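Input: a single structure, listed below in structure tokens.
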Amino acid sequence: MYKLISDKNGARRGEFVTNRGTVQTPAFMNVATAGAIKGAVSAEDLKEIGCQVMLSNTYHLHIRPGDEVVRDCGGLHKFTTWEGPILTDSGGFQVFSLAALRHIQEEGVTFHSHVDGKKIFMGPEESMQIQSNLGSTIAMAFDECVENPAEYSYSKASCERTTRWLERCKTKMHQLNSLESTINREQMLFGINQGCTYNDLRINHMKEIADLDLDGYAIGGLAVGEPAEVMYDVIEHVTPHMPQNKIRYLMGVGTPLNILNAVERGVDLFDCVMPSRNARHGHLFTSKGIININNKKYEYDMTPIDENCGCPVCQRYSKAYIRHLLKSTEMLSQRLLVMHNLWFYNNLMTDIRKALDEGRFAEFKAEQEEILGRRI
RNA sequence: GUGGUUGUAGCUUAGUUGGUUAAAGCGCCAGUUUGUGGCACUGGAGACCGUGGGUUCGAAUCCCAUCUACCACC
């Protein structure tokens, strides 16, 4: 259940209540595709760095270790030991990212496993069954994330199919939640808006799925190569047609700047691999801009990654040491780098909420825009 | 001491019977990364080819000397 606390010129401050705790929004979800944050970051670490929601992936967990394994081991919460809310992505994105290995039909999609090449069929019912077995707090609808650019006619047909798939997801989830053997019988379902960069398709699709009265609504298929202005324009056109009393999730986005701009346009929830992936390659977010800790200028630098940062890494470790660990491919580097970047993102969301609470979001955004995109 | 093998980028090596600006991996320097098939990807700098002579229109490549390292024998 979503409670809107305030709505100032579009930007929303709210609370999202789940049976695993309440999420303060706007919020950023930390991506743990296979049930773990890449870079040796544990569930305890996640708590320490201010993570509210963990995100895992249906497709990847279905392939390995298998959703039935997770179910028989007590569900994803017990399996990973993460006690807070977990959102599972449906596998829809893999339709797009594993494009070379898939075949889409009305019933669903046939994939070839990237692990052993085995043929796997996934449709709305299969995705719901898997997510139910995983026992996540929130299940995402099985959609098609259309590539960009895409033809208008293809995007339209794909949208219509995604709507039909969504109806099937809802029916299947309702059925699964009524079973006594289901791990989380209060599993929530979010629908996903598509329509490529065609605003009329986006708006029509949003109106259609809003009628289905789901637990939340996502905007998918963005940040796949289109310019940021185009993405903002789509968001601006779609959010007015999203239910006010439901949480709004922009999938896979993005940079700190993207997030500020999306919050301004009424988005509540985000996820992105950027902080973790970039961290593993030494690309770090700081209160003064972006740094690449591989750079030689940090060889002797005994100051923390960010002097204004409250993360556990910046309390103890220096750039010189972390740079050395990264250059030496020590595993510890990955852990320290990822923890810093995730803390930065989680803290950015805390600052955004605070600014919203204090009625100075516009000033905060203007001030951060100056800083966050620049490289130092 | 005698015979043999070896010497090409910071490191490990490729360089066809002599033929344009000597190639690669690693390392180094820098960049990219948006619902994670990523310790990945892209680019850049870096070599008077052990040294000195010689043959040739032309030598990393052939010849001589010398130095270095290793091996075998006395």
Side-chain angles (χ1 to χ4, degrees), chain A residues 28-40 53-61 63-64 87-102 111-117 120 127 131 136 138-148 190-194 216 218-228 230-232 249-259 261-262 267 269-285 290-299 323 325-335 337-338 341 345 375:
Chain A
F28 179 79
M29 300 188 282
N30 294 208
V31 181
T33 301
I37 306 284
K38 288 185 194 295
V53 185
M54 184 172 98
L55 182 148
S56 290
N57 184 274
T58 299
Y59 166 77
H60 289 280
L61 289 169
I63 285 186
R64 208 164 38 192
L87 180 145
T88 41
D89 188 20
S90 64
F93 185 71
Q94 280 63 38
V95 173
F96 162 76
S97 70
L98 304 177
L101 302 175
R102 57 90 169 120
F111 294 88
H112 284 278
S113 159
H114 67 281
V115 175
D116 61 6
I120 296 166
S127 179
Q131 295 185 76
S136 59
I138 303 147
M140 293 306 297
F142 187 71
D143 67 332
E144 182 190 355
C145 178
V146 177
E147 65 184 343
N148 182 277
F190 285 10
I192 304 173
N193 171 251
Q194 291 290 347
I219 302 173
L222 290 180
V224 289
E226 79 285 0
V230 172
M231 172 167 76
Y232 300 152
Y249 163 30
L250 178 58
M251 305 184 79
V253 174
T255 65
L257 280 179
N258 292 158
I259 290 175
N261 277 286
V267 175
L269 193 58
F270 302 86
D271 82 283
C272 190
V273 302
M274 187 174 276
S276 47
R277 178 186 290 168
N278 284 14
R280 281 180 276 128
H281 301 151
H283 180 122
L284 300 170
F285 297 96
I290 295 162
I291 72 163
N292 183 346
I293 202 166
N294 283 295
N295 291 173
K296 197 171 182 62
K297 60 183 171 186
Y298 302 121
E299 191 173 19
R323 177 177 189 272
L325 294 177
L326 180 57
K327 292 257 171 200
S328 314
T329 66
E330 286 292 341
M331 284 189 288
L332 181 58
S333 68
Q334 305 288 290
R335 179 180 152 78
L337 291 165
V338 171
N341 264 6
Y345 263 65
R375 280 180 176 68

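Computed from a prediction, not measured in an experiment: that's the story for all the values here. Below, read A as the first sequence line, B as the second, and so on, with proteins coming before strands; counting in each chain starts at 1.
Taking 4.5 Å as the limit, every side-chain heavy atom of N30(A) sits out of range of all side-chain heavy atoms of M54(A).
Side-chain atoms of L55(A) lie closest to G35(B) of the nucleotides G35(B), C29(B), G37(B). In the set C39(B), U36(B), U34(B), the nucleotide with an atom closest to the side chain of T329(A) is C39(B). Of all nucleotides listed (U36(B), G35(B), U34(B)), U36(B) comes nearest to the side chain of S276(A). Taking every side-chain heavy atom of K327(A) into account, C29(B) is the closest of A40(B), C29(B), G35(B). Residue N295(A) has its side chain nearest to G31(B) when only G38(B), U36(B), G31(B) are considered. Side-chain atoms of R280(A) lie closest to U36(B) of the nucleotides U33(B), U36(B), U34(B). Picking from G35(B), U32(B), U34(B) the nucleotide with the shortest atom distance to the side chain of A223(A) gives U34(B). Side-chain atoms of D143(A) lie closest to G35(B) of the nucleotides U36(B), G35(B), G37(B). Considering only the side chain of L98(A), G37(B) comes nearest among G38(B), G37(B), G35(B).
Using N1 to N3 plus N6-O4 or O6-N4 for Watson-Crick, or N1-O2 and O6-N3 for G-U wobble, each under 3.5 Å, A40(B) pairs with U32(B). Across all strands shown, U68(B) forms no Watson-Crick or G-U wobble pair with both distances under 3.5 Å. With a cut-off of 3.5 Å on both Watson-Crick or G-U wobble distances, the partner of C26(B) is given as G10(B). Base pairing analysis places C73(B) opposite G1(B); the two distances defining the Watson-Crick or G-U wobble pair are each below 3.5 Å.
Put simply, N57(A) has a side-chain N or O that comes within less than 4.0 Å of OP1 or OP2 on U36(B). The side chain of H60(A) places an N or O atom within less than 4.0 Å of a non-bridging phosphate oxygen (OP1 or OP2) of G37(B).
Comparing the P positions of C26(B) and A40(B) gives an interatomic distance of 9 Å, to the nearest angstrom. When the P atom is compared between A30(B) and A69(B), the two are found 37 Å apart, to the nearest whole Å. Nucleotides G25(B) and U21(B), compared at atom C1', are 22 Å apart to the nearest Å. G7(B) and G15(B) are spaced 11 Å apart, taking the P atom of each and rounding to whole Å. Taking atom C1' on both C49(B) and U34(B), the two are 47 Å apart, rounded to the nearest angstrom. Here the separation of A14(B) from A72(B), taken at their C1' atoms, is 29 Å to the nearest Å. When the P atom is compared between A47(B) and U51(B), the two are found 14 Å apart, to the nearest whole Å. Remark: the separation of the C1' atoms in U12(B) and C28(B) is 16 Å, to the nearest Å.
One can place CD of Q94(A) at 14 Å from P of U34(B), the figure rounded to the nearest angstrom. Nucleotide C39(B) holds its P atom 15 Å from the CG atom of N294(A), rounded to whole Å. Between the CZ atom of R335(A) and the C1' atom of C39(B) there is a distance of 17 Å, given to the nearest Å. Separating the CD atom of Q334(A) from the C1' atom of A40(B) is a distance of 11 Å, rounded to the nearest angstrom. What separates CZ of R64(A) from P of U36(B) is a distance of 15 Å, to the nearest Å. Put simply, CD1 on I37(A) is 15 Å from P on G38(B), counting in whole angstrom units. Protein atom CG of N278(A) is 13 Å distant from nucleotide atom P of G31(B), rounded to whole Å. Separating the NE2 atom of H112(A) from the C1' atom of G37(B) is a distance of 15 Å, rounded to the nearest angstrom.
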Exercise. Check the pair K38(A), V338(A) against side chain to side chain contact (heavy atoms under 4.5 Å, CB included), reporting the backbone distance first and the verdict last.
Key: CA-CA 8 Å; K38(A) 288 185 194 295; V338(A) 171; over 6 Å; no
Self-check item: Evaluation steps, side-chain hydrogen bond (donor to acceptor under 3.5 Å, both in side chains), between D89(A) and Y59(A)
Solution: CA-CA 8 Å; D89(A) 188 20; Y59(A) 166 77; over 6 Å; no
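Ring geometry, F285(A) versus Y345(A): the interplanar angle exceeds 60°, so the pair is classed perpendicular (tilted spans 30 to 60°).
Side chains of Y298(A) and N292(A): a donor-acceptor N/O pair is absent below 3.5 angstrom, by distance only.
Contact between S56(A) and A32(A) at its shortest, heavy atoms only, is OG-O, 2.9 Å. M231(A) and A223(A) get closest at one heavy-atom pair: SD-N, 3.9 Å.
Base contact: H283(A) has a heavy atom under 4.0 Å from a base atom. Among the atoms of the strands shown, none is found under 4.0 Å from any heavy atom of E299(A).
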